[in-house]
2 protein chains.
Amino acid sequence: MDDESCDMRGMLGFLILFLVSKKPMHGKEIADEIAKRKGEKPSPGTLYPAIKNLREAGFLDEEKEGKTITYALTPSGKKALTVAKRKFCKIFLGVFP
Amino acid sequence: MDDESCDMRGMLGFLILFLVSKKPMHGKEIADEIAKRKGEKPSPGTLYPAIKNLREAGFLDEEKEGKTITYALTPSGKKALTVAKRKFCKIFLGVFP
DNA sequence: ATAGTTATATCGGTCATCCGATATATATAA
DNA sequence: TTATATATATCGGATGACCGATATAACTAT
């Protein structure tokens, strides 16, 4: 999710940001959507720390209702996603058919 | 580059495999192509171990000419790339405009 | 021959990602 | 109330990605 360096390590965060941008979701929904795409559900020990990072970076807002927390992009998160998406498309140009 | 798990950590290897599939290249060319796409050239300490992994996995053939080594996909590498590409597209469906 | 450049490669260390197991808190059911 | 399920969260440990520095080997000057 950074700018510089050759880092490909932010893909999970990027994917979460992208999914939430299409529709505000809570953690379970995010996990299910990733499972549908990847074929394997991320373990809680994978997903929630990633969400926490995005929250602490100011990219996600949370709205608690009972035990579920619905996440949505902040304006800063929207901006970060736009930048990250542009970068992603440039890096992987030609991979998509 | 694996099959199971929710691992997004093999993106560099995937990208190398994809680039080499379009045209056999040596390490320097791969680094330059990544630099063009990413905006930052991977350090040798990043690139060559990644190439080595792919070679040891049987996905890359090498042909030495003087000091340069040209890498090309093996049949097994082609197969792996096809699988990885299909998975990649499914995961990131909708990210590309 | 000697020096410099280029391509490939390894090493040490840091951090992110990931999983499985476990913990907490809320809601639902018996 | 007590048990069970659900959603969120943390912990320990493993591995991958990454950089900077350094090493080797082969060309290319001078």
Listed pairs, N/O of protein and of nucleotides 12-15 of chain C, under 3.5 Å:
residue	atom	partner	partner atom	Å
C:dC15	O2	A:R9	NH1	2.8

Which pairs, with at least one residue in residues 68-84 of chain A and sequence neighbours excluded, count as a side-chain hydrogen bond (donor to acceptor under 3.5 Å, both in side chains)? none

B:K28: what forms a salt bridge (charged side-chain N to carboxylate O under 4.0 Å, His left out) with it, not counting sequence neighbours? B:D32

Distance, rounded to the nearest Å, where A:L12 contributes CG and D:dT15 contributes C1': 16 Å

Taking atom CD1 of A:I69 and atom NZ of A:K64, what is their separation to the nearest 0.5 Å? 5.0 Å

Residues in residues 61-72 of chain A with a heavy atom under 4.0 Å of DNA chain D, by number, are A:K67, A:T68, A:I69, A:Y71

Mind checking side-chain hydrogen bond (donor to acceptor under 3.5 Å, both in side chains) for B:D61 and listing every partner two or more places apart, or none if nothing turns up? none

With respect to the phosphate group of D:dC19, does any side-chain polar atom (N or O) of B:S43 fall under 4.0 Å of OP1 or OP2? yes

Distance check needed: D:dG20 C1' versus B:K41 NZ, whole Å only. 15 Å

Enumerate the residues from residues 23-31 of chain A whose closest heavy atom to DNA chain D is under 4.0 Å, giving them by residue number; use none for an empty result. A:H26, A:G27, A:K28

Could you state the atom-to-atom distance from CD of A:E56 to C1' of D:dT10 in whole Å? 13 Å

Measure from OH on B:Y48 to P on D:dT24 and round the result to the nearest Å. 17 Å

Send over the distance from B:L47 CG to D:dC18 P, rounded to a whole Å. 10 Å

For atom CG of A:L17 and atom P of C:dT17, their distance in whole Å: 12 Å

When rounded to whole Å, the CD1 to P distance for the pair B:I51 and C:dT10 reads 11 Å

Suppose we screen for side-chain hydrogen bond (donor to acceptor under 3.5 Å, both in side chains). Which residues come up paired with A:R55, at least two apart in sequence or across chains? A:E62

Pair listing, salt bridge (Lys or Arg N to Asp or Glu O under 4.0 Å) test, anchored in residues 12-23 of chain B, at least two apart: B:K23-B:E29

Heavy atoms from C-beta onward define the side chain here; which of C:dC19, C:dA9, D:dC18 lies closest to that of B:R55? C:dA9

Would you mind reporting whether B:V20 and B:L81 have side-chain heavy atoms less than 4.5 Å apart? no

Inter-residue atom distance B:I30.CD1 - B:L47.CG, 0.5 Å rounding: 6.0 Å

Side-chain contact test, heavy atoms from C-beta onward, threshold under 4.5 Å: evaluate it for A:L17 versus A:L60 and give yes or no. yes

By nearest atom, which of the nucleotides D:dG20, D:dA9, C:dA9 is closest to the A:P44 side chain? D:dA9

Does B:F88 have any ring-ring contact (aromatic ring centres under 6.0 Å, His included) partners at least two apart in sequence or in another chain, and if so, which? A:F88, A:F92, A:F96, B:F14, B:F92

Between atom CD1 in B:I16 and atom C1' in C:dA9, what is the gap in whole Å? 14 Å

Non-neighbouring partners of A:K90 that pass side-chain contact (heavy atoms from CB on, under 4.5 Å), sequence neighbours left out: none

